[in-house]
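Let me begin by presenting the structure, written as structure tokens, before commenting on it.
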Amino acid sequence: MYRFIILITALGFAWLGYKKTWYPAWAFLFNIIVAIYLGVMAAPQIIDKLPIIRTELGDFAYSGTMLSLAVVFFIIAQLATFRYLTAVYCVSFPSLLNSIGAAILGFFTGAAIAGFVIFLINISPPQGSKYVAFFTGAKLSQEKANTVVYKTCNFVHSVSLQQHPTSVSEQMKKIFGNWRKSETKTVDVNNINNIPQKNLDKPVNESNSPES
């Protein structure tokens, strides 16, 4: 079912991209993937520095913090983009790029958004519900669904030209190991069921596209 959700969402955004042009579709995708990256990479550190978040939100601390960070950044970035770029400069591209190219960008945008939502559900208390599992999938499906977020973050990490003290895989391990309030230590990589082992073994600087 999670594949169907991601596909339908991606196709919906592809249609929206097709109705627009390449330039605003590219800006929207850029803001989305950077917002997801910042949410995943910054949330564990913020929760460590501000224990009140864990106290108040409990098992929703990680998912709530990541969602809040991503939404706040996206709103600010999107408003700035519209104010200073897409509403100011009219960039002309070939018609094929403005139609098919924009649709492809929209497809990736929808896949990234749907993958991020499923990722947040997988690190929230409702993830154990049989009704939620119907949509997000059981173990193997969740592993594959979470690779959308992993590859999105790893793609941004690899092209950002910055040296982050922890890699994307290490952040993901920390999130999955600590999102429950009752757990205080990060689990070992071999005990993580939410990220495929083959992805955890990849080097940080490997360029991955966000479309998977």
Hey, is OH on Tyr18 packed in by over 12 heavy atoms from elsewhere, all under 6.0 Å? no

Tell me which pairs pass salt bridge (Lys or Arg N to Asp or Glu O under 4.0 Å) where either residue lies in residues 17-40, with sequence neighbours left out. none

Contacts of Phe28 that satisfy ring pair (Phe, Tyr, Trp, His ring centres under 6.0 Å) - sequence neighbours left out: Phe74

Taking side chain to side chain donor-acceptor pair (under 3.5 Å) as the cut-off, I'd like each qualifying pair that reaches into residues 8-17, sequence neighbours left out, listed once. none

Enumerate the salt bridge (Lys or Arg N to Asp or Glu O under 4.0 Å) contacts for residues 21-50, please, sequence neighbours excluded, ordered by first and then second residue. Asp48-Lys174

Among pairs that include at least one residue of residues 21-41, which meet salt bridge (Lys or Arg N to Asp or Glu O under 4.0 Å), considering only residues two or more places apart or in two chains? none

What residues, two or more places apart in sequence or in another chain, satisfy side chain to side chain contact (heavy atoms under 4.5 Å, CB included) together with Leu16? Phe13

Report the residues that fulfil side chain to side chain contact (heavy atoms under 4.5 Å, CB included) with Ala70, sequence neighbours left out, ordered by chain and then residue number. Ala35, Phe116

Atom pair OG1 (Thr55) and CD1 (Ile47), whose distance is rounded to the nearest 0.5 Å: 11.0 Å

Taking only residues two or more places apart in sequence, or in another chain, which ones meet Leu7 in a side chain to side chain contact (heavy atoms under 4.5 Å, CB included)? Leu11, Phe107

Of all pairs that satisfy salt bridge (Lys or Arg N to Asp or Glu O under 4.0 Å), the ones with a partner from residues 106-125, not counting sequence neighbours: none

According to side chain to side chain contact (heavy atoms under 4.5 Å, CB included), who are the partners of Leu97, at least two apart in sequence or on a separate chain? Trp22, Phe93, Pro94

N/O donor-acceptor pairs under 3.5 Å from side chains in residues 62-69, not counting sequence neighbours:
unit_1 : atom_1 : unit_2 : atom_2 : d
Ser63  : OG     : Phe60  : O      : 3.3
Ser63  : OG     : Ser124 : OG     : 3.0
Thr65  : OG1    : Ala61  : O      : 2.6
Ser68  : OG     : Gly64  : O      : 2.8

